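Take a look at the structure below.
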Amino acid sequence: MAIEAEGGEPYGSMMDRRSFLVLVVAGCADPAASLNPPLGLGPVTPTPQRPEPVVNLAPSGSATFDAWLRSFYVKAVRAGLPSDLLDRELAGLTPNDRISALDSRQPEFSRPVSAYINGVVTDDRIAIGRRRRDALPALAQIESRFGVPRDVLVAIWGLESGFGAILGDFDVVRSMATLAADGRRREFAEDQLMAALKIIGSGEFPRSRLVGSWAGAMGQTQFIPTTFLATAIDGDGDGRRDLWGSSADALASAANLLAKAGWRRGESWHREVVAPPGFDYALTEGPREIPSWWAERGVRAADGRPFSAADQQAPAELIAPSGAGGPLFLIFHNHFMIRRYNNSTAYALGVGLLAQRLGGEGQLVRNWPQETPLALTDRSDAQRALALLGFDPGTPDGIVGINTRKALRDYQVSRGLVADGYLSLEMVRRLRTEAASQP
């Protein structure tokens, strides 16, 4: 499960909250009070300080990594992890240069949404997914228990691991230690490393089983260690939560994750829609309103079928992921629940569209357009141009997120253009030219 980026799901512990409260109380106390014991209570016995844990780990060859590892060892002991576990699992640990390279890599060209969708919603994947779904009787019980449609779960399964065929071969402990020592995502990586060590220390799985992607995602549905601890469940009744070897466990755990996130039974995740000529595309990524509100503005279901009773009362947001020239979607609450799995509009659309095809629905009414991939310089130049022209896209980092799209829509409105927030190569060139003409 990629956290894209985007971030992960923190799971605070009672120990953390108690420690925080103790520190707050201590910080608010009167320093003089510790010098004079309360009347009638006699002398105050000083609280003995906890001895510093002894760290006896062999050097790795990297001074930066070794310094981080020593500090993490102390932190882990204070968090309650036994020193013998740490001595055993951290002994001989070295950074993985492949992990550092993968974490720092930023693609030169962005992959258009159309290319991503066409790559994941394929005839082969649909055929394999249907076979795997029909061969897994446990899915019926999982769907009934959690309310998440089996085709959504199978679509996630297909995108995350090719239906269990691609699990990754990175040692999660070493991967998380490398990311933590590098520092860019230290808090996230340390949390995952703590969780991985807890799994090992509990005896549930040995370290040799904790393998996954370079970013720490494990098993057939790619759970990071904190998510495993919080939401993985036994789906086949054998008393274990084996996301690597049991498809039923993996899919039940994915259903549990979505249900805990807030999945709504009976509601859609998206519907393809069409808009009338002259439609105000500045409404994209804007208001969340029920389908009748959108119908008043000319937005209709692309396939002509009515919205279900549940969807008629469900607020939805309009998106145009490839601009006004591509397919449009009303996205409902459950779309955002899929994004709790991977915080990406393209990913959630890929899961949703694949699920619909698995369930027998046809292709989109409106085809995806031919899109030109944008280079990193194209994207960052467009952001700098927008800022120069008085529209705030945020940091010019080359990532075209919601802030950049909003700034672009505002620019398009001000210039009398179709305000779909879509950054095409033609729009990049226009922005460059206009910014260059500024005094």
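The shown structure was predicted, so the numbers you read here are calculated from the model rather than taken from an experiment. Positions are given from 1, in the same order as the sequence printed here. All values below come from the heavy atoms of this structure, side chains included, with hydrogens, waters and symmetry mates left out.
- L159 and G350 get closest at one heavy-atom pair: CD2-C, 4.2 Å.
- At least one side-chain heavy atom of Y341 sits less than 4.5 Å from a side-chain heavy atom of F223.
- The line from CG of D236 to CD of Q141 is 10.5 Å long, rounded to the nearest 0.5 Å.
- There is no side-chain donor-acceptor pair under 3.5 Å between H335 and E317.
- One distance of note links CG of N403 with CD of Q383; it measures 9.5 Å at 0.5 Å rounding.
- Of the residues T178, N96, I99, the one that meets the side-chain contact (heavy atoms from CB on, under 4.5 Å) test with W214 is I99.
- To the nearest 0.5 Å, atoms CG (L153) and OG (S247) are separated by 12.0 Å.
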Could you walk me through whether L349 and F329 pass side-chain contact (heavy atoms from CB on, under 4.5 Å), step by step?
CA-CA 9 Å; L349 281 176; F329 302 91; 4.1 Å; yes

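- Side-chain contact check for L431 versus E426: every heavy-atom pair is 4.5 Å or farther apart.
- Heavy-atom minimum distance, A355 versus W269: CB-CZ2, 4.1 Å.
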For the pair Y73 and R78, evaluate side chain to side chain donor-acceptor pair (under 3.5 Å) and give the outcome as yes or no after the intermediate values.
CA-CA 9 Å; Y73 187 106; R78 290 176 175 168; over 6 Å; no

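- Residues meeting the side-chain hydrogen bond (donor to acceptor under 3.5 Å, both in side chains) test with S60, sequence neighbours left out: D66.
- Put simply, the side chain of R241 gets close to the backbone of A232: a donor and an acceptor are under 3.5 Å apart.
- In this structure a side-chain-to-backbone donor-acceptor pair under 3.5 Å is missing from D420 to Y281.
- Note: S213 OG to F170 CZ = 8.0 Å, rounded to the nearest 0.5 Å.
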Step by step, would you call E272 with R366 a salt bridge (charged side-chain N to carboxylate O under 4.0 Å, His left out)?
CA-CA 9 Å; E272 185 190 3; R366 192 169 193 179; over 6 Å; no

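- Atoms OH and OG, from Y422 and S322 in turn, are 5.5 Å apart once rounded to the nearest 0.5 Å.
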Working for side chain to side chain donor-acceptor pair (under 3.5 Å), residues Q222 and S161:
CA-CA 7 Å; Q222 295 289 278; S161 68; over 6 Å; no

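- Between the side chain of E89 and the backbone N or O of R207, no donor-acceptor pair lies under 3.5 Å.
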side-chain contact (heavy atoms from CB on, under 4.5 Å) evaluation trace for V121 with R357
CA-CA 8 Å; V121 186; R357 295 294 303 280; 3.9 Å; yes

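- Proximity of R125 to T122: side-chain heavy atoms (C-beta onward) are separated by under 4.5 Å at one or more points.
- Contact check on D249 versus R240 returns no salt bridge, with no Lys/Arg side-chain nitrogen under 4.0 Å from an Asp/Glu carboxylate oxygen.
- Around the CG atom of D84, the shell of radius 6.0 Å holds more than 12 heavy atoms that belong to other residues, nucleotides or ligands.
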side-chain contact (heavy atoms from CB on, under 4.5 Å), that's the test. Do F146 and L251 meet it? Break it down for me.
CA-CA 11 Å; F146 295 101; L251 293 170; over 6 Å; no

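- With contacts defined as side-chain heavy-atom distances shorter than 4.5 Å, the pair R150/I142 does not qualify.
- Considering every non-hydrogen atom in both G235 and A252, the closest pair reads CA-CB, 3.8 Å.
- Considering only heavy atoms from C-beta on, F205 stays 4.5 Å or farther from I200 through its side chain.
- For the 3.5 Å distance criterion, the side chains of S114 and E371 qualify, holding a donor opposite an acceptor.
- Within the 3.5 Å criterion, the main-chain N or O of A255 finds no donor-acceptor partner in the side chain of W263.
- Counting only distance, with no hydrogens or angles, the side chain of D182 and the backbone of R184 share no donor-acceptor pair below 3.5 Å.
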Please lay out, stage by stage, how T94 and R174 fare under the test side chain to side chain donor-acceptor pair (under 3.5 Å).
CA-CA 7 Å; T94 59; R174 190 182 182 201; 3.2 Å; yes

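- Taking a cutoff of 4.0 Å between a charged side-chain nitrogen and a carboxylate oxygen, E285 and R409 qualify as a salt bridge.
- Using modelled atom types, no side-chain atom of D311 and backbone atom of A314 make a donor-acceptor pair closer than 3.5 Å.
- Among residues two or more places apart in sequence or in another chain, the side-chain hydrogen bond (donor to acceptor under 3.5 Å, both in side chains) test is passed with R209 by D242.
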Under the side-chain contact (heavy atoms from CB on, under 4.5 Å) criterion, do V273 and L328 qualify, and how do the steps go?
CA-CA 5 Å; V273 294; L328 308 177; 3.9 Å; yes

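- With a 4.5 Å cut-off on side-chain heavy atoms, W293 and P287 count as touching.
- Pairing each heavy atom of E160 with each of T221, the nearest pair is CG-O, 4.1 Å.
- Of the possible polar contacts, one joining the R133 side chain to the L358 backbone as a donor-acceptor pair under 3.5 Å is found.
- For the residue pair T345 and R339, a side-chain donor N or O sits within less than 3.5 Å of a side-chain acceptor on the partner.
- In this structure a side-chain-to-backbone donor-acceptor pair under 3.5 Å is missing from K406 to G401.
- Closest approach of G129 and V154 over heavy atoms only: O-CG1, 3.7 Å.
- In terms of heavy-atom proximity, E143 sits nearest to V148 at CG-O, 3.4 Å.
- Using a 4.5 Å cut-off on side-chain heavy atoms (C-beta onward), S253 and L243 make contact.
- Side-chain N or O atoms of R265 include one that pairs as donor or acceptor with a backbone N or O of S144 at under 3.5 Å.
- One finds a salt bridge joining D378 and R432 here, because a Lys/Arg side-chain nitrogen approaches an Asp/Glu carboxylate oxygen to under 4.0 Å.
- For F163 and W157, the gap between ring centers is short of 6.0 Å.
- Without hydrogens or angle criteria, H333 side chain to S268 main chain gives no donor-acceptor distance under 3.5 Å.
- In this structure, the separation between CZ on R132 and CG on L139 is 10.5 Å, given to the nearest 0.5 Å.
- Side-chain contact check for V211 versus L167: every heavy-atom pair is 4.5 Å or farther apart.
- With hydrogens and angles left out, the side-chain atoms of T231 and N256 include no donor and acceptor closer than 3.5 Å.
- The aromatic rings of F228 and W244 sit tilted, their planes meeting at an angle between 30° and 60°.
- The aromatic rings of W68 and F65 sit tilted relative to each other, their planes meeting at an angle between 30° and 60°.
- Judged by the 6.0 Å distance and 45° axis criteria, R186 is not positioned over the aromatic ring of F72.
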